[in-house]
> 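After the structure tokens below, expect a handful of questions from me.
Counting convention: from 1, in listed order, for ligands and their atoms alike.
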Amino acid sequence: MRQDDRGRKVELMVQAKRKPKSRKSELARRNAIGVLLAGCPVHELRTKLRAAGLRPTRQRVALGWLLFAKGDRHLTAEKLQEEAEASRVPISLATIYNSLHQFTDAGLLREIAVDGSKTYFDTNVLHHDHFLVEGVNTLIDIPQIAVDTLNLPPRPLGTEISRVEVVIRLRAGAVV
Ligand SMILES: [Zn+2]
């Protein structure tokens, strides 16, 4: 083979390697992946975390899975840690608190402080209020319409209502 030919052959090989995938085949490949992943809860969770500006680390995905895969929930950090351990994902309470606050700051959770000591994290971030069942410390959502019709007291002059947050405390009573 002449020196020139060899050079030409190498050039052709490089060209073959560099030949861009056709746009059509690339789209088909992406669509195929999209179809495979659509409805995949873990993929959706990763997308949800990314959309909220959080890198979907393994730990965040594991906690997000426990938090968001079961509908609307009110959880304390301790309860979430119990659930993580039960699913064989041991995570320290400090890390769980950090993640819960990151999720809250990113708008994925709403923090509800009760009595100034107990903090619940609500997976429903839309504005709504709560019943608190004393003794068992369970929060139950109240339909917003019920609170909108509350007869609010007149507010002090020069102020406006920024937000109304209602916690109605319940205790076991006589069954009527
Ligand atoms: Zn709630």
> Between Gln81 and Ile91 (side chain of the first, backbone of the second, donor and acceptor by atom type, cut-off under 3.5 Å), is there such a pair?
yes

> Main chain of Asp141, side chain of His74: is a donor-acceptor contact present, judged purely on distance under 3.5 Å?
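Not a single qualifying donor-acceptor pair exists.
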
> Assess whether a salt bridge exists between Arg169 and Glu134, defined as any Lys/Arg side-chain N lying under 4.0 Å from an Asp/Glu carboxylate O.
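Result for this pair is yes, salt bridge flagged.
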
> How are the rings of Tyr97 and His101 set to each other: parallel, tilted or perpendicular (split at 30° and 60°)?
parallel

> When you compare the side chain of Tyr120 with that of Leu132, does any pair of heavy atoms fall below 4.5 Å?
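A side-chain contact exists here, since the closest heavy-atom pair is under 4.5 Å.
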
> How about the Zn ion (ligand 1), which protein N, O or S atoms come within less than 2.8 Å?
His74 NE2, Asp122 OD2, His128 NE2, His130 NE2, Asp141 OD1

> Would you confirm whether Ser99, through its side chain, and Arg60, through its main-chain N or O, come within 3.5 Å as a donor-acceptor pair?
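No: the side chain of Ser99 does not pair with the backbone of Arg60.
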
